[in-house]
J.: 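One structure coming up, written as structure tokens, with questions to follow.
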Amino acid sequence: MTPFEVVERDGLARLGRFDTPHGTVETPALLPVVHPDPARQPIPPAEMRSRLGVRAVITSSYIAWRTPPLRSVAEAVGIHGLLGYDGAVMTDSGAFQQHAYGTVEVTPEEILAFQLRVRSDIPTVLDVFTEPETPHDAAEAALEETLSRARAARAATPGLLAVPVQGGLHADLRWRSARAASGLGDVLAVGGVVPLLEQYRFVELARLIAAARPALSPGKAVHLFGTGHPMTFAFAALFGVDLFDSSAYHKFARRGRLLFPEGTVPIDEVRDPICRCFLCAERPLTDVARLPLPERERGIAFHNLVASLEEVGRVRRAIRDGTLWELAERRAGGHPALRAGLEEARRHADVFLATEPESRRAFREVGPESRERPAGVRFRHRVDGYRAGRPSARRIPGVALRPEYLAHLPVEDRAGRPLLWETTTPFGPVPFELGEVYPVGPYLGVDEFLEPRSHLSPAAFRERVVREVGAVADLDRDWTDDWTRRQLESLLEWRYGPRVRARIAPGLTGERSRRSGRLRSIRFGSEIHFHVGTDGLPRPTFRGAARLRPLLPLGRERVTVSDDAVPFVREGRSLFSRFVRSADPALVPGSTALLVDGSDTLLAVGRLLLAPPEMAALERGVAVRVVAHAGSRETEEDEPAPETE
Ligand code: GUN
Ligand code: ZN
């Protein structure tokens, strides 16, 4: 059984659970770096646990090993005894000291054996720290060495093992390293990045994580060595980093610097109560600043650790809410280097798209660059596909997609040829019938609040339409039947392609919300076959799925359930990833899929919680939540449309 389980996710980022012999760690998690010498800990790990709820720490096995008094205590009472801590302890191997001092005086076998002897929960392979400047051939040789050590360590380690990912700035080596580590480690620890983090080289950092990410198994926890500053947590989590470690809380404290997710503040410049964390509320930073040295350092370290843990909490909440891009963009506002790093991340949309959810609750814009998030890139690409093969569009700029405007637009010209109307949106011109689809539908940005540059009253709008095509549509109704038909057909095409649309559309009718005018459901006779969510996307009911199934090529839109789980899924129970036989690789988290057995009999309709490659890699956890099943078909019409709000 793998130790890692994904519980919730937002794109590549996930909320997970990682089991260790000393308890389960909820990820993303910050592992504070703790010195193995109790005399050199500003905050003892037991206090981190009791006052701050810290469930896991990381310490250097190498420092413990090369310091005889620490070594003998650790060998006698274990690493937990040495630290006086009963949470999970990950140990590092000495590669960081190799980076700092040029060499380490221990063999990979010796330091691994020591980590096992002191009963580390997560020992780490002694990797060869590869500096960013290392040329390709040297980085490759170092990587071969790291991998051979990792293979030996795996064979010698019965429990959990962290395998570092090296390769310098070379994308091909990072990929290879990540692939190999995925087959050996329980924690995949991306290393060699401390110089990049210290020098704010976030563009290169984004590039190398993007290179490694597709080769990192989605079933393994990912650690980023040295992600110390809370400013960077959201950025790292965006790439699916599950574990951060921080010595920054202490390192910055030594230099009198306060950490905040927005940046760093020297404590001597603090005049006002700028922090209300529970510690600073008790004892203001202005008082901490005047304490004698060891006390002052401890006070700052404590604030820094609290600020860092709070930021991890915000990252976790953002993942749950589907707002991690937003948080990362807000954090990037704190430093241009981080902003550049995020811009580089956006250039790697391909890395994000397989796990990019079908929709989110809202698309909230932080700045114009928000539109380049993977959701925006994918949407524009698909709009281009929709437009291809259609008549060239007539554009009505600066108009909200409201029924009072739409009602005036004919869907055909006088000769009966289809007309394509588009309006300008933050994502470029978009056909009117797609105006409710995520991300345009639930888009929230400043454009919504600015005075429209070319405001048209409904009357002026009507005049303009008459000028353009010499006709207007039926004015008696908010939405004409023509528009409802066009919209429902378009949504089915958007989701299932033109061939399925052509075959399923006859006989379908649309029903609009009386209050908002939005298309709420698509019916066949009196039966609801699709609900339309607040993200504007159609989702089949069981009956809808039953009609879709024979129209879709075999395997498409399907998740095939293994025989053992068939009876449970048919009764509406969730599908666990280990019972997934296969899944259409085009599905993404949030997609509604047809759950079928081995002979393509429809069992249920479900919402994906995982992307198909993740289902294959994760042995634990729910892959698909069933929303309708064979037994529920009689009642489902009474169910409210699945709201994403
Ligand atoms: N700590 C910071 N960077 C690294 C790294 O690359 N490898 C290891 N093992 N520890 C680190
Ligand atoms: Zn504080």
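Predicted model, so just to flag it, every value in this text is computed and none were measured. These values consider heavy atoms only, across backbone and side chains, with no hydrogens, waters or symmetry-generated copies. Just so you know, ligand 1 is whichever comes first in the structure, and atom 1 is the first atom listed for that ligand.
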J.: Classify the side-chain pair Ser61/Thr91 by whether it contains a donor and acceptor separated by less than 3.5 Å.
T.: no

J.: Honestly, is Arg373 close enough over Phe363, meaning NZ or CZ under 6.0 Å from the six-membered ring centre and within 45° of the axis?
T.: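 Arg373 over Phe363 ring: yes.
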
J.: Taking salt bridge (Lys or Arg N to Asp or Glu O under 4.0 Å) as the criterion, tell me which of Glu372, Glu356, Glu329 meets it with Arg346.
T.: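 One option only clears the test, and that one is Glu329.
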
J.: Could you state the interatomic distance from CG (Leu324) to CZ (Phe235), rounded to the nearest 0.5 Å?
T.: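 With rounding to 0.5 Å, CG (Leu324) is 11.5 Å from CZ (Phe235).
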
J.: Going by atom types only, do Thr24 and Asp19 share a side-chain donor-acceptor pair under 3.5 Å?
T.: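 Note: Thr24 and Asp19 side chains meet the donor-acceptor criterion.
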
J.: I would like to know whether Phe352 and Phe239 meet ring-ring contact (aromatic ring centres under 6.0 Å, His included); could you show each step before the answer?
T.: CA-CA 8 Å; Phe352 295 95; Phe239 284 96; 5.4 Å; yes

J.: Within the side chain of Arg179, is there an N or O that forms a donor-acceptor pair under 3.5 Å with the backbone of Ala215?
T.: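 At least one qualifying donor-acceptor pair exists.
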
J.: Fit a plane to each ring of His99 and Phe129, take the angle between them on a 0 to 90° scale, and name the class: parallel (under 30°), tilted (30 to 60°) or perpendicular (over 60°).
T.: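 Because their plane-to-plane angle is under 30°, the rings of His99 and Phe129 count as parallel.
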
J.: Show all protein N/O/S atoms under 2.8 Å from the Zn ion (ligand 2), or state that there are none.
T.: Cys275 SG, Cys277 SG, Cys280 SG, His303 ND1

J.: Should the pair Arg255 and Phe252 be classed as cation-pi, given the thresholds of under 6.0 Å to the six-membered ring centre and 45° from the axis?
T.: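 Yes; both conditions hold, so Arg255 lies above the ring face of Phe252.
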
J.: How would you list, by chain and number, the residues with a heavy atom under 4.0 angstrom from ligand 1?
T.: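 Contacts of ligand 1 under 4.0 Å: Asp92, Ser93, Ala95, Phe96, Asp127, Phe129, Gln166, Gly191, Gly192, Val194, Phe225.
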
